[in-house]
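Below: the structure, in structure tokens.
Naming: A, B, ... by sequence-line order, numbering from 1 per chain. Not measured: the values here are computed from a predicted model.
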Protein chains: 2
Amino acid sequence: MDAPVQDRASLDVVGLTAKGIATRQRIIEGAAAHLRSGDPGVATLDDIRDVTRTSKSQLFHYFPGGKEELFLEVARFEAARVIEDQQPHLGALDSWAAWDRWRKAVIARYRAQGQHCPLASLMSQVGSVPGAAEVSSTLLESWTRDVERGIRTMQAKGQVGEQIDARRTASAFIAGIQGGVTVLRSTGSTDHLEAILAILIAYLRDSAD
Amino acid sequence: MDAPVQDRASLDVVGLTAKGIATRQRIIEGAAAHLRSGDPGVATLDDIRDVTRTSKSQLFHYFPGGKEELFLEVARFEAARVIEDQQPHLGALDSWAAWDRWRKAVIARYRAQGQHCPLASLMSQVGSVPGAAEVSSTLLESWTRDVERGIRTMQAKGQVGEQIDARRTASAFIAGIQGGVTVLRSTGSTDHLEAILAILIAYLRDSAD
DNA sequence: AAAAAATTGGACCGGCAAGTCCAGAAAAAT
DNA sequence: ATTTTTCTGGACTTGCCGGTCCAATTTTTT
């Protein structure tokens, strides 16, 4: 389940000993947990130092690019989590029951984490850190693709009308989820998120006449 | 059109001379323009000082609460703009043509401002500044209400099915727009925004059988 | 016109946080 | 074993930015 994380990490750890890799990973995960539980805009390297029980020099040793590089790494880590948390449902949207389980998983996930959305944390840095835009749009793209695949599967089974534009509708789902979460972050309520997921799924169901 | 802004301002300007009011307003508008064109997380009081041609003491004279108070005031200013920019369409969603004009106005607005969404700037401070959450949820609420009213109007005319939950569907619209804009901010494309607006309107049209 | 109040300019302070440096400990290589 | 590389600790530097202060100027009041 964390295989992709391992892969990702191994790209950057060439030349590090086992101990070094462990420390590096501990920093990323500790920083991720810390950023997730607060406003990432205010998070400081010293906070991360405290929470990960490391020193300044370790931070800069493993992330020569400093704060920016570390945050990007955390962003990648979190992006992987977003998709993983929706599995196995997202990967097999092949029946209305599956869609329903997925819908519930999404709502449960965001309800649980409340105001703190790691993806939003990501987005809030899109402006300042160049690489962040790439990380988040990659995530959005693969997320959209998964949903699109689900819609095509349903079309193949005749449970969604052929006239539906799978790609476009998948985009709508992703936008809807993003928006629902955005509203959640500022109002604390999942109403908007639930509303749009229900409507979009109803739209798909109604399409098969 | 800027009557509400005047009202709002007049609440805080008791005891200020005409010149003072003008300076205060110049600061708010200049700061708004500046924040709109960059990452608000990095905006500094000195930047605002430069762009508004004022001095530190003026900033603190008119906004004793410092940065926080000034930013909140800017947030209110921007929140008003968001609604205004969709008028007069948003206020009179009484035919499919009107809905279409509204849809186009929304897309045009966000396409024009590209990656920089003032509402998102607002949101990104929800965590740090207490009042920001209130400002943005007030905006979302009144925005949702406008759409809800539009749906009810269409229902009264028999152009949207009675089985549609107006409130819930309006929530979906708002969430959809938010999400579309969120995606726009990170990918630069309005595809998601256009997709979800089209689908939601189609959903409404199809409801009138 | 004089006094009082509001407005403006900008120097200055203090704290905080990113990033540097180097010395010492631990681990790996030979 | 010793030598070389990797890893770790934390003090220190540097610059930035929010906020304070006070003196000068303009405007309003009487």
Side-chain angles (χ1 to χ4, degrees), chain A residues 9-10 12-31 34-35 38-75 124-125 127-132, chain B residues 9-10 12-31 34-35 38-75 124-125 127-132:
Chain A
S10 61
D12 295 325
V13 294
V14 182
L16 292 188
T17 67
K19 196 175 180 183
I21 294 174
T23 301
R24 197 187 128 99
Q25 199 61 23
R26 191 181 80 236
I27 293 173
I28 293 177
E29 289 175 25
H34 181 251
L35 293 194
D39 183 353
V42 214
T44 157
L45 284 187
D46 286 307
D47 294 343
I48 293 171
R49 212 176 50 67
D50 282 346
V51 85
T52 60
R53 313 274 293 169
T54 49
S55 71
K56 264 299 179 48
S57 78
Q58 294 180 67
L59 256 35
F60 282 85
H61 180 198
Y62 294 111
F63 308 94
K67 193 180 189 180
E68 189 171 313
E69 186 180 343
L70 170 56
F71 276 34
L72 250 187
E73 220 50 58
V74 171
S124 79
Q125 314 215 331
S128 27
V129 182
Chain B
S10 61
D12 295 325
V13 292
V14 183
L16 294 187
T17 68
K19 196 174 180 183
I21 294 173
T23 302
R24 197 188 129 99
Q25 199 61 21
R26 191 181 79 236
I27 293 173
I28 292 177
E29 287 174 26
H34 181 252
L35 293 195
D39 182 354
V42 231
T44 158
L45 285 187
D46 286 308
D47 294 342
I48 293 171
R49 214 175 49 68
D50 282 346
V51 84
T52 60
R53 311 275 290 169
T54 50
S55 71
K56 266 301 179 48
S57 78
Q58 293 181 67
L59 256 36
F60 283 85
H61 179 81
Y62 294 110
F63 308 94
K67 194 181 191 181
E68 190 171 311
E69 187 181 343
L70 170 57
F71 276 34
L72 252 186
E73 219 52 56
V74 170
S124 78
Q125 313 214 332
S128 27
V129 183

Evaluate the side-chain proximity of B/E73 to B/R24: yes if any heavy-atom separation is below 4.5 Å, no if none is. yes

Nucleotide D/dT6, atom C1' - distance to CG of A/L59 in whole Å: 17 Å

B/I27 CD1 to C/dT7 C1', in whole Å, measures 11 Å

In whole angstrom, give the distance that lies between atom CZ of A/R26 and atom C1' of D/dC7. 12 Å

Looking at A/F63, A/Y62, A/F60, which one forms a side chain to side chain contact (heavy atoms under 4.5 Å, CB included) with A/E69? A/F63

B/R26 versus B/T54: any side-chain heavy-atom pair under 4.5 Å? yes

In terms of side-chain heavy atoms of A/T44, which of D/dC17, D/dT8, C/dA18 is nearest? C/dA18

Report the distance from atom CZ of A/F63 to atom P of C/dA18, rounded to the nearest whole Å. 15 Å

Measure from CG on B/D50 to P on D/dG18 and round the result to the nearest Å. 12 Å

Judged by atom type as modelled, is there a donor-acceptor pair below 3.5 Å linking the side chain of B/D50 to the main-chain atoms of B/D47? no

Among D/dG10, D/dG18, C/dG10, the one nearest A/S57 by side-chain distance: D/dG10

Distance check: side-chain N/O of B/Q58 vs OP1/OP2 of C/dT7, anything under 4.0 Å? no

B/Q25 CD - C/dT7 C1' separation (whole Å): 17 Å

Please determine, for the side chain of A/H61, which listed nucleotide (C/dA18, C/dG9, D/dT8) has the closest atom? D/dT8

I would like to know whether A/L45 and A/L70 meet side chain to side chain contact (heavy atoms under 4.5 Å, CB included); could you show each step before the answer? CA-CA 10 Å; A/L45 284 187; A/L70 170 56; 4.2 Å; yes

OP1 or OP2 of C/dA6 sitting under 4.0 Å from any side-chain N/O of B/Y62? no

What nucleotide, of D/dG10, C/dG19, D/dG18, holds the atom closest to the side chain of A/F60? C/dG19

Send over the distance from B/I21 CD1 to D/dT28 P, rounded to a whole Å. 11 Å

Short side-chain N/O contact from B/T23 to OP1 or OP2 of C/dT8, under 4.0 Å: yes

Specify the separation, in whole Å, of atom CG of B/L70 and atom C1' of D/dG19. 14 Å

Measure distances between side-chain N and O atoms of A/K56 and base N and O atoms of D/dG9, and say whether any donor-acceptor pair falls under 3.5 Å. no

